[in-house]
Q: 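Below is one structure. I have some questions about it.
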2 protein chains.
Amino acid sequence: MSDDRVHATETSIRVLEGIVELDGEAGITELATHLSVAKSTIFKHLNTLERKGMVVRHGDRYRIGLRTLEFGGYAQRYEGIYDTAHPEVRQLADESGELANLMFEELGKGVYVYTAEGDKAVDINTQTGRRDFLHSTGIGKAILATFPKERVKEIIETHGLPRATEHTITDEDELFDELATIREDGIAYDHEESTLGMACIARPLSTPTERHAAISITGPVSRVMDEEKEQEIRTLLDRAGNVIELNLTG
Amino acid sequence: MSDDRVHATETSIRVLEGIVELDGEAGITELATHLSVAKSTIFKHLNTLERKGMVVRHGDRYRIGLRTLEFGGYAQRYEGIYDTAHPEVRQLADESGELANLMFEELGKGVYVYTAEGDKAVDINTQTGRRDFLHSTGIGKAILATFPKERVKEIIETHGLPRATEHTITDEDELFDELATIREDGIAYDHEESTLGMACIARPLSTPTERHAAISITGPVSRVMDEEKEQEIRTLLDRAGNVIELNLTG
DNA sequence: TCCGCCGTTTCGCTCTGGCGAACAGCCCAC
DNA sequence: GTGGGCTGTTCGCCAGAGCGAAACGGCGGA
């Protein structure tokens with residue numbers, strides 16, 4: 001590992017990040033002050049990014065361009081898991097009526113790689129590509145449970161255990177206890193740990209690749225945690241998980 | 001328009017493009033020869049891109065990272081059209097059983113921003129984020145029909161009218177005639193113009209934003225072009241289009 | 001064991017990315 | 001109208017960074 005890096009590329013990416021941080025839309029001066037970089041610098045970067053479609057301008061405002069979506073599509077597709085898993089996740093959404101998710105780990109955080117809405121699903125902004133901490137969601141904890149203790153410690157070191165709600169697990173020991181339970185049980189729960197009022201039941205996927213992944217169903221506590229419904233969801237997750245794992249090894 | 005540009009950023013993006021061109025996965029030397037750039041240069045760029053999650057390495061192979069998917073999500077979301085249109089497109093897929101698409105124009109090409117599969121849908125690789133020429137697909141022609149003639153000429157100048165199949169329209173005058181028909185009719189057809197055996201019926205969306213868009217249903221010629229089914233699809237597209245346009249202006 | 005391929009590192013030279021300041025266009029207040 | 005303050009845009013300079021060529025090291029196949 002060396003510190004050979006291309007500084008200009010980093011600034012360009014910071015420009016993209018800046019646009020996101022400024023609610024997806026920004027002007028040149030706005031970005032310059034937000035990132036503490038000279039206006040003229042931002043100008044040049046936006047110019048090149050626009051030329052490549054990574055950014056698009058509406059008048060004098062810049063937004064993230066659809067070109068990024070193209071690259072995103074490749075990122076999805078070239079993980080074999082996606083192809084076999086996404087129809088199952090969609091079916092999960094149809095059968096449960098709730099929100100179904102597929103998450104991959106990357107750089108110690110969780111990325112929603114596919115999300116499907118059932119007919120009763122709440123309109124929470126869980127959208128494709130979103131990144132989330134692993135410790136504060138059920139689906140994230142399911143992924144963490146598939147990692148060796150060392151790796152989990154590494155992740156905690158880099159990202160910490162920030163609190164999302166009053167129920168978020170922020171204590172390291174408590175987290176390790178929880179992960180042990182998940183490993184035994186094969187299922188992870190999330191009781192309002194990432195969003196108040198929302199619960200989530202998740203199942204890790206054991207994959208032949210280096211990519212760690214999990215699937216989950218999310219919904220309002222009242223619906224998802226109802227004893228009968230909970231059993232039904234566990235069954236659905238298990239079936240889907242088995243199908244995916246079977247197709248992957250097959 | 002000036003030629004102020006950040007060369008290093010362009011190389012970084014070319015690296016991403018290179019990975020895609022090499023079927024989504026590449027090594028350093030491979031990329032260096034493919035892009036005619038020094039190995040050490042590629043090395044540095046990949047290092048930087050990896051640190052930012054734009055690229056991910058499995059052993060000594062590099063792939064597009066999921067970080068791009070995150071940016072892609074923002075690109076989708078910050079077009080108001082997406083939020084109101086994507087549930088309708090999903091419903092189109094469910095009702096027709098075929099493939100339903102939502103396309104936006106960007107930089108003179110068409111981007112599939114949302115795609116949904118019905119239960120009989122063929123597994124063609126029309127995936128989210130894919131870019132296509134506008135002249136050689138039904139949904140693309142629907143978008144072209146919403147542009148003034150000048151803009152269409154510009155697009156032809158930059159991208160040409162490359163042939164995809166023997167049925168692709170490659171003559172400029174013929175294309176303009178076709179676009180006139182589409183404007184009158186409100187519906188665009190694609191008879192094996194982009195893929196042999198496949199047909200597509202599309203409807204332009206008139207939006208209050210600068211983004212030009214269209215929706216379509218795609219399937220095998222035998223199914224989609226059946227007279228009865230064709231009428232059904234036209235009705236479905238019209239209903240969905242009206243709902244979307246109503247929600248956008250409302 | 002050697003050869004060849006690949007990723008990694010080193011090392012200069014050149015060029016360019018980044019800055020600050022000046023310029024230009026727009027809109028609003030007055 | 002007209003001036004001030006906000007944009008985006010351009011100019012020119014200089015340290016430093018991007019890039020290439022070549023050398024290094026590690027792995028695997030012949």
Side-chain angles (χ1 to χ4, degrees), chain A residues 1-65 78 106-107 209-210, chain B residues 1-65 78 106-107 209-210:
Chain A
M1 180 64 61
S2 75
D3 59 346
D4 264 335
R5 44 163 105 233
V6 183
H7 194 246
T9 297
E10 281 182 343
T11 17
S12 273
I13 297 176
R14 275 181 52 210
V15 167
L16 292 179
E17 291 169 348
I19 295 179
V20 169
E21 284 157 19
L22 295 169
D23 291 322
E25 188 179 301
I28 290 185
T29 313
E30 207 177 337
L31 272 169
T33 55
H34 179 72
L35 298 173
S36 315
V37 180
K39 269 200 301 180
S40 54
T41 305
I42 301 285
F43 177 73
K44 281 193 216 173
H45 280 270
L46 282 175
N47 242 331
T48 32
L49 289 172
E50 186 191 2
R51 222 181 284 252
K52 287 288 191 176
M54 304 292 283
V55 129
V56 72
R57 74 186 275 182
H58 291 197
D60 276 340
R61 313 287 297 166
Y62 287 85
R63 297 185 186 172
I64 304 294
Y78 282 94
E106 190 167 290
L107 295 178
T209 73
E210 297 127 69
Chain B
M1 179 65 61
S2 75
D3 59 347
D4 263 334
R5 36 149 122 264
V6 182
H7 195 248
T9 297
E10 282 182 341
T11 344
S12 273
I13 297 176
R14 274 181 52 209
V15 168
L16 291 179
E17 291 169 350
I19 295 179
V20 169
E21 284 157 20
L22 295 169
D23 291 322
E25 188 180 301
I28 290 186
T29 314
E30 207 177 338
L31 272 168
T33 54
H34 179 73
L35 299 173
S36 315
V37 180
K39 270 200 300 181
S40 55
T41 305
I42 301 285
F43 176 71
K44 283 192 214 173
H45 280 270
L46 282 176
N47 244 329
T48 326
L49 289 171
E50 186 192 1
R51 221 182 284 254
K52 287 286 193 179
M54 303 292 284
V55 130
V56 73
R57 74 187 275 181
H58 291 195
D60 276 342
R61 314 287 296 166
Y62 288 85
R63 297 185 186 172
I64 303 294
Y78 282 94
E106 189 167 292
L107 295 177
T209 72
E210 296 127 69

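Every chain is numbered from 1 and lettered A, B, ... according to where its sequence line falls, protein lines coming before strand lines.
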Q: So for atom NE2, which belongs to A:His58, do other residues, nucleotides or ligands contribute more than 12 heavy atoms lying within a distance under 6.0 Å?
A: yes
Q: Quick one: A:Glu30 CD to D:dC6 P, roughly how many Å, whole number?
A: 14 Å
Q: Counting just side-chain N and O atoms, does B:His7 come under 4.0 Å of either OP1 or OP2 of D:dC19?
A: yes
Q: Supply the atom-to-atom distance A:Leu16 CG to A:Met54 CE, rounded to the nearest 0.5 angstrom.
A: 5.5 Å
Q: When rounded to the nearest 0.5 angstrom, what is the spacing between CD1 in A:Ile13 and NE2 in A:His45?
A: 11.0 Å
Q: Would you please confirm or rule out a distance under 4.0 Å between OP1 or OP2 of D:dG8 and any side-chain N or O of A:Thr29?
A: yes
Q: Would you say a side-chain N or O of B:Ser40 is under 4.0 Å from OP1 or OP2 of D:dA22?
A: no
Q: Hey, is the side chain of B:His45 poking within less than 4.0 Å of OP1 or OP2 on D:dC19, counting only N and O atoms?
A: yes
Q: Please give the angle, rounded to 10 degrees, between the axes at the start and the end of the helix from C:dT1-D:dA30 to C:dC30-D:dG1, where five pairs define each axis.
A: 40°
Q: Expressed as a whole number of angstroms, how long is the span from A:Ile28:CD1 to C:dC19:P?
A: 14 Å
Q: What is the distance from NZ of A:Lys44 to P of C:dG17, rounded to the nearest Å?
A: 7 Å
Q: Nearest heavy atom decides the nucleotide; on that basis, is A:Lys39 or A:Ala8 closer to the 5' end of DNA chain D?
A: A:Lys39
Q: Measure the distance from CZ on A:Phe43 to P on D:dT7 and round it to the nearest whole Å.
A: 16 Å
Q: Side chain to side chain contact (heavy atoms under 4.5 Å, CB included) for A:Thr9 and B:Thr11? Distances and angles first, verdict last.
A: CA-CA 9 Å; A:Thr9 297; B:Thr11 344; over 6 Å; no
Q: Does A:Arg5 have a side-chain nitrogen or oxygen under 4.0 Å from the phosphate oxygens OP1 or OP2 of D:dC19?
A: no
Q: CG of A:Leu46 versus C1' of D:dT10: gap in Å, rounded?
A: 16 Å
Q: Please report, rounded to the nearest Å, how far the P atom of C:dG17 is from the CG atom of A:Leu49.
A: 12 Å
Q: Using atom NE2 of B:His58 as one end and atom C1' of C:dC6 as the other, report the distance to the nearest whole Å.
A: 19 Å
Q: What nucleotide, of C:dG7, C:dG17, C:dC19, holds the atom closest to the side chain of A:Ala38?
A: C:dC19
Q: How long is the gap from NZ on B:Lys39 to OG1 on B:Thr33, to the nearest 0.5 Å?
A: 10.5 Å
Q: Counting only N and O atoms by type, is there a donor-acceptor contact under 3.5 Å from the side chain of A:Thr48 to the main-chain atoms of B:Glu10?
A: no
Q: Within less than 4.0 Å of OP1 or OP2 of D:dG18, is there a side-chain N or O belonging to B:Thr41?
A: no
Q: Main chain of B:Leu35, side chain of B:Arg14: is a donor-acceptor contact present, judged purely on distance under 3.5 Å?
A: yes
Q: With respect to the side chain of B:Arg57, which nucleotide from D:dT9, C:dG7, D:dC19 is positioned closest?
A: C:dG7
Q: Whole Å only: how far is the CD1 atom of A:Ile42 from the C1' atom of D:dT7?
A: 15 Å
Q: Reckon A:Arg61 touches a base, only the sugar-phosphate, or nothing at all at heavy-atom distances under 4.0 Å?
A: nothing
Q: If you round to the nearest 0.5 Å, how far is CG of A:Leu46 from OG1 of A:Thr41?
A: 11.0 Å
